[in-house]
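Below is one structure, written out as structure tokens; comments come after it.
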Protein chains: 2
Amino acid sequence: MTISKRPKDQLKSHIREQNQTLILATAERVFARQGLAKTTTQMIADEAGLPKANIHYYFRSKKDLLEAVLEKTLHQWLESVSRFNEQDGPKAALTRYVSEKIDQSRINANASKVFAMALIGEEEFVLDYLRRYFVGELQREKATIEAWVEQGLMDPVPVEHLFISLWALTQTYADFDAQVKIMLGKDILEEEDYDMAKQFVTRMVLSACGVKD
Amino acid sequence: MTISKRPKDQLKSHIREQNQTLILATAERVFARQGLAKTTTQMIADEAGLPKANIHYYFRSKKDLLEAVLEKTLHQWLESVSRFNEQDGPKAALTRYVSEKIDQSRINANASKVFAMALIGEEEFVLDYLRRYFVGELQREKATIEAWVEQGLMDPVPVEHLFISLWALTQTYADFDAQVKIMLGKDILEEEDYDMAKQFVTRMVLSACGVKD
DNA sequence: ATTAATTTTGATCGAATGGTCAATATTTGG
DNA sequence: CCAAATATTGACCATTCGATCAAAATTAAT
């Protein structure tokens with residue numbers, strides 16, 4: 001009758017990858033919305049438009065699926081938040097760091113929330129990941145900052161606490177968005193809210209570090 | 001035989017109140033450790049040394065119990081974190097605020113965590129509470145800060161974002177303690193860690209606000 | 001002391017959920 | 001075109017969990 005416009009023909013048998021991607025994206029959304037424990041594999045199946053057994057065909061257990069979601073998140077996390085560039089100097093580098101981290105929390109709000117939920121729930125998987133990959137990263141950034149201090153570009157700071165603060169400040173807007181909305185008296189957060197957040201957080205960080213122009 | 005030292009005699013039939021208090025305290029601990037959804041009424045019962053049916057005798061449902069825990073938390077929260085005193089001026093007031101809030105997060109770490117879990121899970125009960133009691137409080141504190149600004153005691157700031165930041169900074173050490181421990185390379189957080197946190201957070205806030213001495 | 005109210009507790013139930021399986025369908029490779 | 005590999009799916013199972021209940025025990029009131 002009608003001319004077939006099925007797109008499946010030209011697509012190679014990426015069936016597996018395609019479905020895994022779909023399931024992961026859906027799971028991320030549902031986990032973020034419902035919470036890790038409240039989420040059922042049935043919910044994910046329904047929202048992905050697949051039977052539940054199909055979910056379990058690609059991911060043996062709910063735990064496996066959650067860890068796959070977390071791994072994807074954590075991976076893109078460490079990758080996309082650019083490292084400090086010592087050449088930029090503290091002002092440009094810190095400003096960019098805050099801006100990118102807030103952007104990322106905003107764009108990947110679901111991923112950010114799933115990660116925060118796993119962290120607050122002390123999921124062993126996430127803690128292991130942090131121990132393995134994050135601590136080293138922190139050391140490198142610490143060295144950069146200490147170099148800046150020695151060059152007189154900024155005041156000495158307790159670097160670990162600076163990073164704890166940076167983390168807390170930039171994630172709040174995604175993880176506790178419900179509370180933020182209430183405090184700002186808004187139903188949804190807009191571009192300008194994030195801009196204001198960037199501006200104020202940057203101001204806090206730069207002034208506390210005594211960054212010279 | 002031995003002289004009775006049972007304290008139950010003089011205690012009036014506080015049975016109900018006594019058990020409710022025990023259950024609430026236990027539930028707070030278990031909820032904080034296991035997460036809201038993973039916690040079972042059986043766990044709470046075991047840890048309180050009571051049969052499960054007894055829990056349900058005092059709190060009709062798990063949801064009721066959680067909300068009772070949250071209400072207690074939220075109540076003591078708003079009560080014990082002292083309001084700004086305009087007379088103190090921004091430096092003393094903000095310094096004290098940060099210090100008290102971090103102390104409280106530390107002392108009531110379980111309560112703080114349960115609250116954060118409920119918030120991130122967007123429990124309607126908590127959001128309602130914030131809408132009802134918190135927004136008004138915020139308005140009052142906003143007025144105080146604006147008065148300070150007009151008196152030239154500090155720079156103008158986006159007050160809502162300042163409070164979002166204060167909230168985030170002071171709660172992180174309790175809510176995401178697992179992550180903080182990893183970043184600090186410690187198994188437990190000690191007095192000195194909290195002192196350092198207070199110091200640095202205060203420094204961020206005061207410098208960002210351009211507080212004059 | 002008797003009665004009424006409150007509390008305790010084991011037993012039990014129904015619903016929900018993670019996970020399995022085997023039968024069927026589809027895709028792939030030769 | 002055929003066989004092997006891969007994917008789909010409904011039916012099903014074991015377990016867990018919140019909640020209920022009724023009988024028994026304890027406490028309070030008169």
Side-chain angles (χ1 to χ4, degrees), chain A residues 4 6-28 30-31 33-70 114 117-118 121 123 125, chain B residues 4 6-24 26-28 30-31 33-70 114 117-118 121 123-125:
Chain A
S4 163
R6 290 168 299 176
K8 69 181 179 185
D9 297 2
Q10 54 265 36
L11 285 178
K12 277 192 325 188
S13 158
H14 283 277
I15 297 182
R16 189 171 198 88
E17 203 183 311
Q18 217 169 287
N19 278 341
Q20 282 181 336
T21 306
L22 168 67
I23 293 169
L24 280 174
T26 310
E28 179 183 294
V30 181
F31 276 133
R33 191 194 323 130
Q34 303 280 345
L36 308 189
K38 276 190 201 164
T39 296
T40 69
T41 53
Q42 186 66 63
M43 289 178 196
I44 297 170
D46 288 346
E47 193 153 327
L50 299 171
K52 185 178 70 167
N54 209 342
I55 306 288
H56 280 90
Y57 174 72
Y58 287 106
F59 298 91
R60 218 148 280 197
S61 67
K62 182 184 168 185
K63 196 180 168 211
D64 277 5
L65 177 51
L66 171 61
E67 292 185 355
V69 169
L70 285 170
V114 172
M117 286 169 169
E123 293 277 333
F125 179 84
Chain B
S4 165
R6 290 169 300 175
K8 73 177 176 184
D9 296 1
Q10 52 263 36
L11 286 178
K12 278 192 321 190
S13 161
H14 283 278
I15 298 182
R16 190 172 196 86
E17 200 182 314
Q18 216 168 287
N19 279 341
Q20 282 180 335
T21 306
L22 169 65
I23 293 169
L24 280 175
T26 310
E28 178 183 296
V30 182
F31 275 133
R33 191 192 327 127
Q34 302 280 345
L36 308 189
K38 276 188 200 165
T39 295
T40 69
T41 53
Q42 186 66 64
M43 288 177 198
I44 297 170
D46 289 346
E47 194 153 326
L50 298 172
K52 187 177 68 168
N54 209 342
I55 306 290
H56 279 92
Y57 174 70
Y58 286 107
F59 297 91
R60 217 149 280 195
S61 68
K62 182 185 168 184
K63 198 181 168 209
D64 277 5
L65 178 51
L66 171 61
E67 293 185 355
V69 170
L70 286 170
V114 172
M117 286 169 169
E123 294 275 332
E124 215 35 57
F125 179 84

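For the pair A/Ile15 CD1 and D/dA5 P, the computed distance is 17 Å after rounding to whole Å. The nearest whole Å value for the distance from the CD atom in A/Gln18 to the P atom in D/dA7 is 11 Å. Per the geometry, CD1 belonging to A/Ile23 stands 13 Å off C1' belonging to D/dT9, to the nearest Å. D/dT6 atom P lies 7 Å from atom OH of A/Tyr57, rounded to whole Å. To the nearest angstrom, P of C/dA25 lies 16 Å from CG of A/Asn54. Across the protein-nucleic acid pair, A/Glu17 atom CD and D/dA7 atom P stand 12 Å apart, rounded to whole Å.
We find the NZ-OG1 distance between B/Lys62 and B/Thr40 to be 7.5 Å, quoted to the nearest 0.5 Å. Rounded to the nearest 0.5 angstrom, B/Glu28 CD and B/Thr39 OG1 are separated by 12.0 Å.
Judged as a side chain to side chain contact (heavy atoms under 4.5 Å, CB included), and not counting sequence neighbours, the contacts of B/Tyr58 are B/Ile15, B/Arg16, B/Asn19, B/Gln20, B/Ile23, B/Asn54. Judged as a side chain to side chain donor-acceptor pair (under 3.5 Å), and not counting sequence neighbours, the contacts of B/Glu123 are A/Lys38.
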Close N/O contacts between protein and nucleotides 16-22 of chain C (under 3.5 Å):
residue: C/dG18; atom: OP1; partner: A/Thr39; partner atom: O; Å: 3.4
residue: C/dG18; atom: OP2; partner: A/Thr41; partner atom: N; Å: 3.1
residue: C/dG18; atom: OP2; partner: A/Thr41; partner atom: OG1; Å: 3.2
residue: C/dG18; atom: N7; partner: A/Lys52; partner atom: NZ; Å: 3.0
residue: C/dG19; atom: OP2; partner: A/Lys62; partner atom: N; Å: 2.6
residue: C/dG19; atom: N7; partner: A/Lys52; partner atom: NZ; Å: 3.4
residue: C/dG19; atom: O6; partner: A/Lys52; partner atom: NZ; Å: 2.8

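Distances shown here put every side-chain N or O of A/Asn19 at or beyond 4.0 Å from the OP1 or OP2 atom of D/dT6. For A/Arg16, no side-chain nitrogen or oxygen approaches OP1 or OP2 of D/dT6 to under 4.0 Å.
When heavy atoms are screened at a 4.0 angstrom cut-off, B/Phe59 is found touching no nucleic acid atom at all.
Between A/Phe59 and A/Glu67, the closest side-chain pair of non-hydrogen atoms is not below 4.5 Å.
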Kindly list each side-chain donor-acceptor pair under 3.5 angstrom involving residues 42-53 of chain A, sequence neighbours excluded, with atom names and distances?
residue: A/Gln42; atom: NE2; partner: A/Asp46; partner atom: OD1; Å: 3.1
residue: A/Glu47; atom: OE1; partner: A/Arg33; partner atom: NH1; Å: 3.4
residue: A/Glu47; atom: OE1; partner: A/Arg33; partner atom: NH2; Å: 2.9
residue: A/Glu47; atom: OE2; partner: A/Arg29; partner atom: NH1; Å: 2.8
residue: A/Glu47; atom: OE2; partner: A/Arg33; partner atom: NH2; Å: 2.7

